A.B. asks: 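Starting off with a structure, shown below.
The model shown is predicted, which means the values in this text are computed figures rather than measured ones.
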Amino acid sequence: MTSLLAAELAARGAHKASFEEAIEEHENDITDGPHNARIFRRRSSVLAPDTSAPEIGETGSVSSLELPKTLTSERVRRRSELARFRPLDSPPANEPEAIELPVINEHTLASSSSVHTPDTTFRDDVMFVPSKSDDVEIAPSFPNSLAPSIKIDDDTDSTVPAISAAQKAIHRRKFLLTFLTLCFSVFLNGWNDGTTGPLLPRIQAYYHIGFAVVSLVFVFNTIGFIIGAFANVWLTDKFGFGKCLVIGSVCQIAAYAMMVPAGPFPLMCLAFMIIGFGLSLQNAHCNGFTAGSGGNIATKIGFLHASYGLGALISPLVSTQFAQQKHWSFHYLISAGLYVLNTAALWWIIRGKRQEEVMVEIGNTNPDTQAVSSNKYKQIFGIREIHLLSVFALIYVGVEVTIGGWSVTYVQEKRHGSSNAGYISSGFFGGLMLGRILLMWLNRKIGERRALFLYALLAIQLEVTVWVVPSLVENAIAVSFIGLLMGPMYPILMNHSTTILPRWLLTGCLGYIASVGQAGSAVLPFLTGLLASKFGIVSLQPFIVSMMSTMIVVWALIPRVRHVPT
């Protein structure tokens with residue numbers, strides 16, 4: 001019996017020694033490095049034998065040692081399984097590391113895209129799947145079917161609600177009302193420009209002034225446009241789209257009221273400056289809204305500027321009749337009345353709202369209202385393309401107004417036309433209106449850039465015939481066809497601007513381009529007056545031909561369509 005008891009005690013001692021060696025090796029593995037010290041402290045309580053167990057004595061039982069042995073083998077087995085699921089951002093294999101992951105349920109994962117804890121961070125492209133057991137060690141699963149950029153959110157409905165047919169009809173009706181109101185404003189812009197030509201000889205006769213002095217009305221008109229161009233960005237930020245349009249329209253009413261009595265010539269010049277300021281604000285916002293409304297922008301801009309041609313067509317028919325009357329300045333009563341109607345329409349339809357509000361009302365759910373934190377003036381003037389576009393607009397509008405204004409004087413003096421020669425101006429602006437509508441298909445067929453080169457070359461040839469052919473009828477027909485060819489140029493310019501300029505600066509940029517262009521409506525006619533006072537009105541045609549040629553060169557320098565941020 002003594003030998004049997006000694007053998008049993010020896011076996012128990014060997015088993016306890018082997019168990020303590022296993023514990024020591026396990027401690028050395030998991031405490032290798034400062035990062036794992038905390039994990040070791042947590043797990044040592046699990047791996048160590050229960051201290052409440054009785055000490056092994058002479059009458060000890062072997063069964064008291066079975067529990068730690070089973071737990072240790074189970075723990076080692078789970079850690080060996082976990083080693084096969086090494087995370088992507090784990091250290092190399094030669095640096096063993098114990099990984100501790102918290103328990104994450106499905107609800108918590110779905111409600112947040114990332115989890116932040118003091119000790120743990122997770123990759124966005126890792127989906128953690130809870131284990132069936134309550135163990136704290138959970139193996140991450142990396143699904144191959146999901147891209148890293150995809151985030152799954154079961155609680156969010158990503159479907160966009162469909163817009164009903166009735167709501168679409170309301171959006172179309174609101175856009176149509178707004179667009180027609182803006183077209184009427186541009187119509188009055190053409191009305192203003194078409195008025196000056198037939199009345200210019202009568203203004204000279206009434207005030208007894210020459211070509212150079214009467215051209216001052218164009219100079220002051222230019223000053224007003226330039227002031228409006230610089231003030232437009234600040235006024236837009238302060239008052240918004242709708243109120244700026246109303247301010248410009250009220251300025252027109254005040255200016256025409258000053259011109260009705262036919263007061264002193266300096267008062268007329270001041271009135272032309274106020275007209276330039278008001279037209280600058282309206283022109284900028286009409287073009288900016290149409291360009292940012294989406295859809296077929298080229299067609300919309302074409303019809304918008306066709307309304308300009310319609311106003312410039314009708315106005316000379318009326319002003320020519322007043323030019324033959326004693327109270328010629330009463331023509332401006334009609335202009336003032338039209339702008340009263342325009343002011344009422346702008347306030348009734350737009351109600352002083354900002355452009356982004358109107359865009360939402362017409363169904364444009366993604367208006368271009370990106371905020372610009374830095375100085376807008378600095379950004380606009382820092383764009384190289386905008387200066388080329390502005391130079392082209394200056395030359396084009398200058399040539400347009402010069403032909404529409406001074407051609408009447410040219411025909412009366414060189415072709416011996418009567419006071420009815422004012423209808424030639426109506427023929428030019430009538431061709432301008434038709435060209436902006438009838439030549440849309442050709443613009444799309446051959447490309448707008450090529451089309452503008454073609455129109456400019458043909459217009460130069462027709463202008464040469466007006467220069468060298470001494471026929472009143474031929475000159476009148478040629479001027480009408482020049483208007484037909486020049487008509488699509490300005491809409492092409494505005495449409496091209498929307499493709500190469502930043503959209504969040506579009507209203508300011510188009511306002512600057514339009515204002516500089518309207519400045520050309522004063523600069524070139526003024527230069528024409530200076531040349532006419534020195535060389536005679538015969539200098540008109542070579543001056544126009546040279547300006548058209550320069551316009552072609554500038555258009556060639558403007559870059560093609562390129563992608564810009566939206």
Side-chain angles (χ1 to χ4, degrees), residues 193-194 196-198 200-201 204 210-212 214-215 218 309 312-313 316 320 391-392 394-432 434-435 439 451-490 520-556:
D193 290 348
T196 307
L200 202 60
Q204 284 183 266
F211 292 118
V214 77
S215 298
F218 299 111
L313 166 65
T320 299
V391 171
F392 181 88
L394 185 145
I395 299 175
Y396 168 81
V397 177
V399 169
E400 175 188 289
V401 176
T402 300
I403 294 175
W406 285 105
S407 292
V408 178
T409 306
Y410 178 83
V411 169
Q412 286 180 346
E413 291 198 7
K414 301 302 297 182
R415 304 295 181 248
H416 309 291
S418 64
S419 58
N420 293 328
Y423 296 122
I424 292 180
S425 180
S426 292
F428 171 77
F429 286 111
L432 199 77
L434 293 176
L439 295 179
L452 196 144
F453 283 119
L454 176 63
Y455 299 151
L457 292 173
L458 293 176
I460 289 175
Q461 297 179 21
L462 289 173
E463 194 64 39
V464 171
T465 64
V466 177
W467 183 2
V468 299
V469 178
S471 171
L472 177 62
V473 177
E474 193 278 338
N475 291 172
I477 296 175
V479 168
S480 299
F481 275 96
I482 291 172
L484 181 73
L485 294 170
M486 291 188 66
M489 293 184 182
Y490 197 76
S521 69
V523 173
L524 268 63
F526 176 70
L527 293 177
T528 302
L530 292 179
L531 292 173
S533 63
K534 184 174 181 61
F535 303 104
I537 195 62
V538 69
S539 62
L540 174 65
Q541 303 307 325
F543 178 69
I544 291 177
V545 170
S546 63
M547 288 295 100
M548 285 184 174
S549 303
T550 306
M551 188 169 60
I552 294 177
V553 175
V554 175
W555 182 249

A.B. asks: How far apart are the C-alpha atoms of Leu394 and Leu524, what are their side-chain angles, what is the distance that settles it, and do they pass the side-chain contact (heavy atoms from CB on, under 4.5 Å) test?
C.D. replies: CA-CA 9 Å; Leu394 185 145; Leu524 268 63; 4.1 Å; yes

A.B. asks: Drop me the distance from Ser549's OG to Ile395's CD1, to the nearest 0.5 angstrom.
C.D. replies: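 Answer for the OG-CD1 pair, Ser549 versus Ile395, is 10.5 Å.
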
A.B. asks: Could you give the distance from CE (Met551) to CZ (Phe453), rounded to the nearest 0.5 Å?
C.D. replies: 10.5 Å

A.B. asks: Sequence neighbours excluded and cut-off under 3.5 Å, please list the side-chain donor-acceptor pairs for residues 529-538, or say none.
C.D. replies:
residue: Ser533; atom: OG; partner: Gly529; partner atom: O; Å: 3.3
residue: Ser533; atom: OG; partner: Leu530; partner atom: O; Å: 2.6

A.B. asks: In Å and rounded to the nearest 0.5 Å, what is the CH2 to OH distance from Trp467 to Tyr410?
C.D. replies: 9.5 Å

A.B. asks: Under the ring-ring contact (aromatic ring centres under 6.0 Å, His included) test, which residues partner Tyr490, sequence neighbours left out?
C.D. replies: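 Tyr490: ring-ring contact (aromatic ring centres under 6.0 Å, His included) contacts with His305, Tyr396.
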
A.B. asks: To the nearest 0.5 Å, tell me how far Leu439 CG sits from Tyr455 OH.
C.D. replies: 4.0 Å

A.B. asks: If every non-hydrogen atom of Ala459 is compared with every non-hydrogen atom of Leu485, which pair is closest and at what distance?
C.D. replies: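 Scanning both residues, the minimum pair turns out to be N-CD1, 3.7 Å.
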
A.B. asks: Quick one: which residue pairs count as a side-chain hydrogen bond (donor to acceptor under 3.5 Å, both in side chains) with a foot in residues 470-482, not counting sequence neighbours?
C.D. replies: Arg415-Asn475, Thr465-Glu474

A.B. asks: So which atom in Val466 and which in Ala478 form the shortest heavy-atom distance, rounded to 0.1 Å?
C.D. replies: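 Taking Val466 first and Ala478 second, the nearest heavy atoms are CG2-CB, 3.6 Å.
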
A.B. asks: Set out, in order, the CA-CA distance, both residues' side-chain angles and the distance that settles side-chain contact (heavy atoms from CB on, under 4.5 Å) for Ile482 and Met548, then state yes or no.
C.D. replies: CA-CA 11 Å; Ile482 291 172; Met548 285 184 174; 4.1 Å; yes

A.B. asks: Within the 4.5 Å heavy-atom criterion, are Phe218 and Thr402 side-chain neighbours or not?
C.D. replies: no

A.B. asks: Going by the salt bridge (charged side-chain N to carboxylate O under 4.0 Å, His left out) test, which pairs reach into residues 394-410, not counting sequence neighbours?
C.D. replies: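 Sorted pair list: Glu400-Arg436.
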
A.B. asks: Which pair of heavy atoms, one from Leu313 and one from Gly430, lies closest together, and at what distance?
C.D. replies: CD1-CA, 3.6 Å

A.B. asks: Could I get the full list of side chain to side chain contact (heavy atoms under 4.5 Å, CB included) partners for Ala456, not counting sequence neighbours?
C.D. replies: Met489, Ile552

A.B. asks: State which residues pass ring-ring contact (aromatic ring centres under 6.0 Å, His included) with Phe392; sequence neighbours excluded, sorted by chain then number.
C.D. replies: Trp555

A.B. asks: Can you measure from CG (Leu472) to CD1 (Ile477) and round to the nearest 0.5 angstrom?
C.D. replies: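 So the gap between those two atoms works out to 10.0 Å.
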
A.B. asks: Looking at OG of Ser215 and CG of Leu527, how far apart are the two atoms once the value is rounded to the nearest 0.5 Å?
C.D. replies: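 CG of Leu527 is found 9.0 Å from OG of Ser215.
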
A.B. asks: Given side-chain contact (heavy atoms from CB on, under 4.5 Å), test Phe481 with Leu458 step by step and report yes or no.
C.D. replies: CA-CA 9 Å; Phe481 275 96; Leu458 293 176; over 6 Å; no

